[in-house]
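Reminder, nothing fancy here: chain letters follow the sequence lines and each chain counts from 1. We use all heavy atoms of the structure for the numbers below, so side chains are in, but hydrogens, waters and symmetry mates are not. Just so it is clear, the model here is predicted, and its values are computed rather than measured.
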Amino acid sequence: MVKIVSWNINGVRARIDNLLDWLRESQPDIVCLQEIKSVDEQFPRTDIEALGYHVETHGQKGFNGVAILSKLKFDEVNRGLTGDETDEQARFIEGVFSSESGAFRVVSLYLPNGNPVGTEKFPYKLGWMARLELWAAQRLSFEEPIVLAGDYNVIPQPVDAKHPENWVNDALFQPESRQSFRQLEALGFTDAVRATDDAPETYTFWDYTGGSWQKNNGIRIDHLMLSPEAASKLGSASIEKHVRGWEKPSDHVPVAIHLNV
DNA sequence: ATGGTTGCTTTGCAA
């Protein structure tokens, strides 16, 4: 059984004490981080390695940036999403691991926000999603367990927002964004949280402003998408919501699965 | 009512 977690940490250097406390409490095997907002050289790896994790990063200066922490040894690491050599934004890292039942793959992805709609940011988001689908379709042919974990910046359904009417003009809830997310499901990927928990008000993000956390005015945008070979091994999924109530929290919380690989 | 907060590239930008 392997515990795999996705967490948009919103600045790993600002959040390092928070991260170390959470690692000790949650005891994950593999952690997919997004928005590390750090270059690789400044990533605070030493304290994390002291807890027994291997650390692989794909950072850039100031914003974006993803990483994978793992108690399992990496067999292979791939940085960057294929399909556009001119894209310099650090939003994708893939790790390959070995288990008793064979290889499995874990991706930490930070999908573009896409706001404001009407600027070049929105077509960049949709183009990135199209590239992700091409990559995912190619990887499916491997017939391996694959976990695509990350901040998708997509609210899949109205039930995934406390106030869906407030998001109708937002890139996270545009029909094109939601359709592209559904296309990933049509390829054969399973939304782990939705597959195991149909409870309402299941959110992963609460804005810092306006007392969103106190009002539970959240949205569900952090997802772990599972290939068929991974979905058949899914044990449980959970949202570690209490972390949002900690001192100096990220605006996202960790989303965890247990996988029987 | 176009607000509010956070982190980094900082006195603006992205989220």
- Item | Pairwise ring-ring contact (aromatic ring centres under 6.0 Å, His included) hits with a residue in residues 171-215 of chain A, at least two apart | Tyr152(A)-Phe181(A), Phe181(A)-His223(A), Phe205(A)-His252(A), Trp206(A)-Trp213(A)
- Task: Take the protein atom CZ of Arg91(A) and the nucleotide atom C1' of dA14(B), then report the distance between them rounded to whole Å.
- Result: 10 Å
- Note on the structure: Residues at least two apart in sequence or cross-chain that pass salt bridge (Lys or Arg N to Asp or Glu O under 4.0 Å) with Arg178(A), listed by chain then number, are none
- Can you give one letter per nucleotide of nucleotides 3-8 of chain B, going 5' to 3': B for a protein heavy atom under 4.0 Å from the base, S for sugar-phosphate only, - for none? -BBSSS
- Ser99(A) meets the side-chain hydrogen bond (donor to acceptor under 3.5 Å, both in side chains) criterion, sequence neighbours left out, with Ser101(A)
- Item | Euclidean distance, atom CG of residue Asp251(A) to atom C1' of dA14(B) [Å, nearest integer] | 12 Å
- Query: Heavy atoms under 4.0 Å, any strand shown: does Phe205(A) hit a base, just sugar-phosphate, or nothing?
  - Reply: nothing
- Item | Whole-angstrom distance between dT11(B) and dG7(B), as gauged at atom C1' | 14 Å
- dT6(B) to dA1(B) separation - P atoms, rounded to the nearest Å: 26 Å
- Message: Other residues, nucleotides and ligands only: do more than 12 of their heavy atoms fall within 6.0 Å of CD on Glu76(A)?
- Response: yes
- Message: Give me the distance, rounded to whole Å, that separates dC8(B) from dG3(B) when you measure between the C1' atoms they each carry.
- Response: 23 Å
- Task: Scan Leu111(A), Thr82(A), Val107(A) and name whichever one has a side-chain contact (heavy atoms from CB on, under 4.5 Å) with Phe92(A).
- Result: Val107(A)
- P gap between dT10(B) and dT5(B), integer Å: 23 Å
- Task: Linking directly or through intermediates, with side-chain heavy atoms under 4.5 Å: list the remaining ILVMFWY members grouped with Phe142(A), chain and number order.
- Result: none
- Query: Roughly, in whole Å, what's the span from CD1 in Ile219(A) to C1' in dA15(B)?
  - Reply: 11 Å
- Sorted by chain and residue number, the ring-ring contact (aromatic ring centres under 6.0 Å, His included) partners of His58(A) (sequence neighbours excluded) come out as none
- Write down the distance between CG (Asp151(A)) and P (dA15(B)), rounded to a whole number of angstrom. 10 Å
- Message: Rounded to whole Å, please give me the gap between CG in Leu111(A) and P in dA15(B).
- Response: 12 Å
- Linking Ile, Leu, Val, Met, Phe, Trp and Tyr by side-chain heavy atoms under 4.5 Å, what else ends up with Leu33(A)? Val5(A), Trp7(A), Ile9(A), Val12(A), Ile16(A), Leu19(A), Leu20(A), Trp22(A), Leu23(A), Val31(A), Ile36(A), Phe43(A), Ile48(A), Leu51(A), Tyr53(A), Val55(A), Leu69(A), Val243(A), Trp246(A)
- Between residues 154-172 of chain A and DNA chain B, which residues have a heavy-atom gap below 4.0 Å? none
Mind listing the side-chain donor-acceptor pairs of residues 229-237 of chain A below 3.5 Å, one per line with the distance, residues two or more places apart or on another chain?
{"unit_1": "Glu229(A)", "atom_1": "OE1", "unit_2": "Ser227(A)", "atom_2": "OG", "d": "3.4"}
{"unit_1": "Ser232(A)", "atom_1": "OG", "unit_2": "Glu229(A)", "atom_2": "O", "d": "3.3"}
{"unit_1": "Ser236(A)", "atom_1": "OG", "unit_2": "His258(A)", "atom_2": "ND1", "d": "3.3"}

- Note on the structure: Asn64(A) CG to dC13(B) C1', in whole Å, measures 12 Å
